[in-house]
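These notes concern the structure reproduced below.
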Amino acid sequence: MSSWLNILEGAVLLAAGALLLYLLLWWKDRNAKRARALEAESILDKARSEAEIIVRDARLAGAEEARKLREEAEQSLATRRQERAESEKRLSQREGLINSQLEKMVDAEKSINEQKATLRQRMEAQTGREKELEELTKQAREQLRKAAGITEEHAKAEYLKHVERDALEDANNIARSIVEDAKLKAEEKARRIISVAIQRYAGEHTFENTTATITLQGDEIKGRIIGREGRNIRAFEAATGVTVLIDDTPGAVLLSGFDPVRREVAREAMQRLIQDGRIHPTRIEEIVGKVNEEMDETITRLGEEAISKASVAPMHAEIVKLLGRLHFRHSYSQNILDHSVEVAHLMGIMAAELGLDVAAGKRAGLLHDIGKAVNHEIEGPHAVVGADLIKRHGESDTVVNAVASHHNDVPPIGPLGILVGAADAISASRPGARSESMTTYLRRVEDLEKIAAAFPGVEKAYAVQAGRELRVFVQPEAVNDDKAFAMARSIASKIENELQYPGQIRVTVIRETRCVDVAK
């Protein structure tokens with residue numbers, strides 16, 4: 001009995017243990033499921049939060065990008081509106097100019113029609129007077145025949161004799177006038193032919209001495225030299241007075257100008273701009289100004305070197321500068337400064353042989369052509385101009401007269417003037433000293449610039465293209481567009497009346513308005 005009880009108790013205990021184990025496992029599984037559910041819910045909440053953050057960031061980034069795109073679009077639209085406004089303004093100005101020219105043409109046509117009507121009336125009146133004169137002539141002839149008691153045939157014969165004699169006299173006068181006019185035209189045509197022949201004969205020499213070539217590392221720099229719509233090249237030409245020629249020649253830019261000092265300044269300024277790489281109008285003006293200052297120092301140094309080479313005593317500072325400028329001038333391809341030093345040495349030798357003052361002779365020889373440094377600024381022969389200059393700066397009367405008389409513009413007082421002329425001729429005529437002539441070209445260029453500068457409102461005038469083009473810069477506040485066109489015609493007309501030249505000369509009047517302000 002006790003064994004069954006033990007078995008029953010064991011069974012109960014086993015069942016209770018199994019139930020307890022089952023309950024323990026069920027509770028543990030429920031807790032695990034609850035923990036997993038909580039973890040899943042936490043992960044889901046975290047994912048939702050991150051998703052919201054990503055969406056918010058994406059919205060902010062999209063809004064920022066949209067704002068930038070909107071600003072860029074508005075800026076581009078504003079730029080286009082400004083460009084359109086400028087284009088409309090330019091078109092309006094051109095339209096106004098065209099309308100003005102059209103009105104002038106209409107007025108001119110009206111004036112021509114009025115002149116035609118007046119001329120027609122005069123012709124009709126003249127025809128009436130001729131008929132009246134013919135009738136009066138018939139009456140006078142009849143009265144003369146009656147008074148003279150001669151027949152009509154005899155009177156007609158006498159009248160024809162008088163008419164024939166008058167006609168022969170008029171024919172002789174006309175023939176003489178034609179011959180004289182033909183002589184004048186033949187002389188003028190001969191001068192023009194000779195001028196053209198000289199120009200063609202000196203063409204290579206003129207090109208060589210009026211241009212400077214700038215070597216470029218690559219052709220891409222040409223676009224930067226030209227600038228947007230050519231503003232850089234226009235600024236460079238306005239600042240230097242030299243024409244910039246950019247053609248298809250690879251790796252080269254050509255500078256053309258008759259004034260050698262301007263051309264040298266332009267050459268140095270262009271090389272510095274290319275090396276610097278910053279090419280714009282403001283930088284161009286800055287570089288050209290700096291090179292001009294350095295050119296003044298170079299001119300002074302060249303003058304001092306010439307004085308040293310000629311072995312003469314020191315001179316006034318202004319004379320030294322003028323001597324330095326002669327380095328950039330040529331006469332028949334001969335460098336005038338080197339020629340002056342050579343004449344000084346020749347004068348020293350001849351003065352020593354003749355027992356004259358060697359120092360004064362050398363001084364006169366060195367200064368004999370100094371007037372050529374300013375002969376485009378002062379009217380008169382270069383010998384007289386140079387003598388007046390050195391006299392104002394303290395040179396002796398002997399030296400002044402020698403300089404003034406070496407081309408017989410004034411009579412020589414002593415032998416030095418004759419010796420300077422001889423030394424000048426020796427230096428100029430020795431083999432290899434000179435080649436083709438440039439005097440005609442230089443004189444024409446100087447006359448062109450003087451003619452333009454004489455007009456009111458002209459600020460600068462430069463002769464370029466070997467004297468075949470005259471560029472005139474006017475003051476915009478003094479000369480408007482209509483006056484600029486009229487000025488171009490007036491200058492061209494004055495050149496035709498006062499100068500002799502081969503071919504054609506283009507007159508370009510440039511009117512530019514600059515508006516400058518400073519942002520503070």
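Just so you know, these numbers come straight off a predicted model, no measurement behind them.
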Legend entry - Side chain Ser87, main chain Glu83, donor-acceptor under 3.5 Å: yes

Legend entry - Exceeds 12 heavy-atom contacts within 6.0 angstrom, atom CD of Glu109: no

Legend entry - Nearest-0.5 Å distance, CE of residue Met105 to OG of residue Ser100: 12.0 Å

Inset, instruction - Looking only at non-hydrogen atoms, find the nearest pair between Val410 and Ser405 and report the distance. - result: O-CB, 3.2 Å

Legend entry - Distance (rounded to the nearest 0.5 Å) between Ile284 CD1 and Ile233 CD1: 9.5 Å

Inset, instruction - Determine, for Arg234 against Glu237, whether the closest basic-nitrogen to carboxylate-oxygen distance falls under 4.0 angstrom. - result: no

Legend entry - Residue pairs fulfilling salt bridge (Lys or Arg N to Asp or Glu O under 4.0 Å) with at least one residue in residues 385-395, sequence neighbours excluded: Arg363-Glu395

Inset, instruction - Working to the nearest 0.5 Å, report the span between OG1 of Thr300 and CG of Leu322. - result: 10.0 Å

Legend entry - Non-hydrogen side-chain atoms of Leu323 and Leu367 separated by less than 4.5 Å: yes

Inset, instruction - Start with the C-alpha distance between Glu64 and Arg67, add both sets of side-chain angles, then the distance that settles side-chain contact (heavy atoms from CB on, under 4.5 Å), and finish with yes or no. - result: CA-CA 5 Å; Glu64 181 67 19; Arg67 185 185 62 80; 2.2 Å; yes

Inset, instruction - Mind jotting down which residue pairs meet the salt bridge (Lys or Arg N to Asp or Glu O under 4.0 Å) criterion with at least one end in residues 110-133? Sequence neighbours excluded, please. - result: none

Inset, instruction - Would you check if the side chain of His327 reaches a backbone N or O of Gly324 as a donor-acceptor pair within less than 3.5 Å? - result: no

Inset, instruction - Ignoring hydrogens and angles, tell me if any N or O in the side chain of Asn335 forms a donor-acceptor pair with the backbone of Asp338 under 3.5 Å. - result: yes

Legend entry - Nearest-0.5 Å distance that lies between atom CG in Asn232 and atom NE2 in His280: 8.5 Å

Legend entry - Pair listing, salt bridge (Lys or Arg N to Asp or Glu O under 4.0 Å) test, anchored in residues 280-304, at least two apart: Arg272-Glu294, Asp276-Arg283, Arg283-Glu286, Glu285-Arg514, Arg301-Glu305

Legend entry - Atom pair CZ (Arg325) and CG (Leu337), whose distance is rounded to the nearest 0.5 Å: 12.5 Å

Legend entry - Within 6.0 angstrom of Phe485 CZ, more than 12 heavy atoms from elsewhere: no

Legend entry - Test side-chain contact (heavy atoms from CB on, under 4.5 Å) applied to Val474 and Met487, Glu459, Lys460, the passing residue: Met487

Inset, instruction - Please answer whether the main-chain N or O of Gln75 pairs with a side-chain N or O of Thr79 as donor and acceptor at a distance below 3.5 Å. - result: yes

Legend entry - Distance (rounded to the nearest 0.5 Å) between Arg94 CZ and Asn99 CG: 14.0 Å

Legend entry - Side-chain donor/acceptor of His407 to backbone N/O of Asp409, under 3.5 Å: no

Inset, instruction - Looking only at non-hydrogen atoms, find the nearest pair between Ala269 and Phe236 and report the distance. - result: CB-CE1, 4.1 Å

Inset, instruction - Of all the heavy-atom pairs spanning Asp369 and Ser340, show the shortest one and how long it is. - result: CB-OG, 4.2 Å

